[in-house]
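All heavy atoms count here, side chains included; hydrogens, waters and symmetry mates do not.
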2 protein chains.
Amino acid sequence: MIYIIIQTKVKKMELSRKVSNCKSCIYRSWAFKNLSAEELKIINAKKVEKFYRKGENISTEGDEILSFMYLQNGLVKLYKTEINTKEHILSIAKPQDFIGLLSIFSNTKHIYSTTAIEDSIVCFVDLEIIKKFIKTNGTFAIDFFEKISTVSDSVIKTRIDINTRQLRGRIAYILLFFSKHIYSSIRFNLPISRKEVAELIDMSTENVIRVLSEFRKDNLIQIEGKNIVILDIKRLEKIYALG
Amino acid sequence: MIYIIIQTKVKKMELSRKVSNCKSCIYRSWAFKNLSAEELKIINAKKVEKFYRKGENISTEGDEILSFMYLQNGLVKLYKTEINTKEHILSIAKPQDFIGLLSIFSNTKHIYSTTAIEDSIVCFVDLEIIKKFIKTNGTFAIDFFEKISTVSDSVIKTRIDINTRQLRGRIAYILLFFSKHIYSSIRFNLPISRKEVAELIDMSTENVIRVLSEFRKDNLIQIEGKNIVILDIKRLEKIYALG
DNA sequence: TATCATTAATGATATATATCATAATATATA
DNA sequence: TATATATTATGATATATATCATTAATGATA
């Protein structure tokens, strides 16, 4: 029992160590490409990298906003807890994505929470440093602004795409989303539970399961627990397009 | 017949002339407060102000993005035309609001359309000039970024607020929105049709009318065509809070 | 391994909401 | 002013979706 816990910690530290020199990562990354070697050094010195096991909370609504969070590896969900303890997932960040929404630049506290849905490595860059570079490095400012301004808008587009469709269209969306956008494969392991799928596309858990079964019976997909294979992507795309 | 058209044009020009010197407006406005007198002069020289009559289209999906649009006066809706010619309204801009979403900084073409829902005056500032000032004026850059980054995020928050509620909660939302946020009065003239309300809060036109009638019968509001008076704001807020 | 808790799976039922139909107003247009 | 068109209004009906109930399967924990 204790042995397992220790082993987990060791694994955590090993992973953390493995990525601790992130020069290559940040340097290549689109968001920081206009920083000088000197500026990158400052960010490197102050940045913190953390490993999160699947299911671990990264940030919580109400927390002070101190960092720009950047996903090195894994998958992270951004969600809001409703009054009735229900959760509403806004988006799923994939590697190389900035985690969160733009309002980290105008708010002082997080209004959404983030949790790892797969083992993840998150890079925390001091927000004040980024603001400082926005002020002092014009080329970085404009490029960073252009890159970062897509984040919130793509969440809006997705919300509309989902809410203008009904159940079958929404399930088609989520299958295509993981297949094309996240895993680039027609065969993948759904990283979230049916309940979380429901929270992501605004429907009841039972109906998520029901429509998935329907798609299976209809030979659109193959399901074995979390493992999903898309059998007829053309027809799935048609279902999505029709709503 | 012809007479009326000419009269309209005259009124348009008069209004346009009246506001042509916008030094006071832009100068006081929160978005441009960190620009120097010199920089403001450049913006003033290049900016274009246009008057739009209620119902007139301002920009359309697919149009090239050339300007940062800023609402001087009136009300403007931001919407998307769905495949089935249905329209989906994202937000309503009020005076002093930036019209549009942040992706104007990353996209080359508009993905949403804008139309005046009340007689409006829109100020078009060349986007390249703003980008130039972001590059060259650090204080402006950071402040502008902080201010502007709220726009898209507040649309997201509103979308969630609406979609997690059912019909009565949504109608309560829209009544409180116009009363508190737009007109600061419990008595106001609804600037949009019931159909547009439906497009804004994701429900059918018939049900918008039905729930409004229900609220009237329940002595929550008073309706005479577009004219609405909120009689019991406390109870309306409770309906909104409960969903 | 046994026990418990969570997740997945379906069927039956209830409910919310959309759609259809029709009429009365109001608004725009000739 | 008359006529057409769009908006508002309400009832009846259909439909989509959620909720409730139950069981099976899976995973976690002792």
* To do: Measure the distance from CD on A:Glu214 to P on C:dA8 and round it to the nearest whole Å.
  => 18 Å
* Asked: Under 4.0 angstrom, heavy atoms only, what part of the nucleic acid is B:Arg168 near: base, sugar-phosphate, or nothing?
  -> nothing
* Asked: Between D:dA16, C:dT17, D:dA18, which one does the side chain of B:Leu167 approach most closely?
  -> C:dT17
* If you check the A:Arg194 side chain, which of D:dT7, C:dT10, C:dA8 turns out closest? -> C:dA8
* **Non-hydrogen side-chain atoms of B:Tyr112 and B:Thr114 separated by less than 4.5 Å** => no
* Kindly say whether the aromatic ring centers of A:Phe98 and A:Phe68 come within a distance under 6.0 Å. => yes
* **Nucleotide nearest B:Arg210 (side chain, heavy atoms from C-beta), chosen from D:dT10, C:dA8, C:dT17** => D:dT10
* Asked: Can you tell me how far C1' of C:dA16 sits from CZ of B:Arg170, to the nearest Å?
  -> 10 Å
* **Spacing between B:Glu196 atom CD and D:dA6 atom P, to the nearest angstrom** => 14 Å
* **d(CD1, A:Ile221; C1', C:dA8) in whole Å** => 14 Å
* Structure fact -> Looking only at C:dT19, C:dA18, D:dT17, the nucleotide nearest the B:Asn207 side chain is C:dA18
* Structure fact -> To the nearest angstrom, the CG-C1' distance between A:Leu190 and D:dG27 comes to 16 Å
* Just checking A:Lys217: base, sugar-phosphate only, or nothing, at a heavy-atom cut-off of under 4.0 Å? -> nothing
* Asked: Between B:Arg165 (CZ) and C:dT17 (P), how many Å, whole number?
  -> 13 Å
* Check every strand shown and say whether B:Ser204 touches a base, only sugar-phosphate, or nothing at a heavy-atom separation below 4.0 Å. => base
* Structure fact -> Ranking D:dT10, D:dA16, D:dT19 by distance to the side chain of A:Glu206, first place goes to D:dT19
* Working for salt bridge (Lys or Arg N to Asp or Glu O under 4.0 Å), residues B:Glu196 and B:Lys77 -> CA-CA 10 Å; B:Glu196 284 172 306; B:Lys77 66 171 175 180; 2.7 Å; yes
* Between P of D:dT10 and CG of B:Leu212, the distance in whole Å -> 10 Å
* Asked: Closest to the B:Ser193 side chain: C:dT7, D:dT7, C:dT10?
  -> D:dT7
* Structure fact -> Exactly one candidate in B:Leu212, B:Ile171, B:Leu167, B:Ile201 meets side chain to side chain contact (heavy atoms under 4.5 Å, CB included) with B:Asn207; the answer is B:Leu167
* Asked: When you check the side-chain N and O atoms of A:Glu64 and A:Thr108, is any donor under 3.5 Å from an acceptor?
  -> no
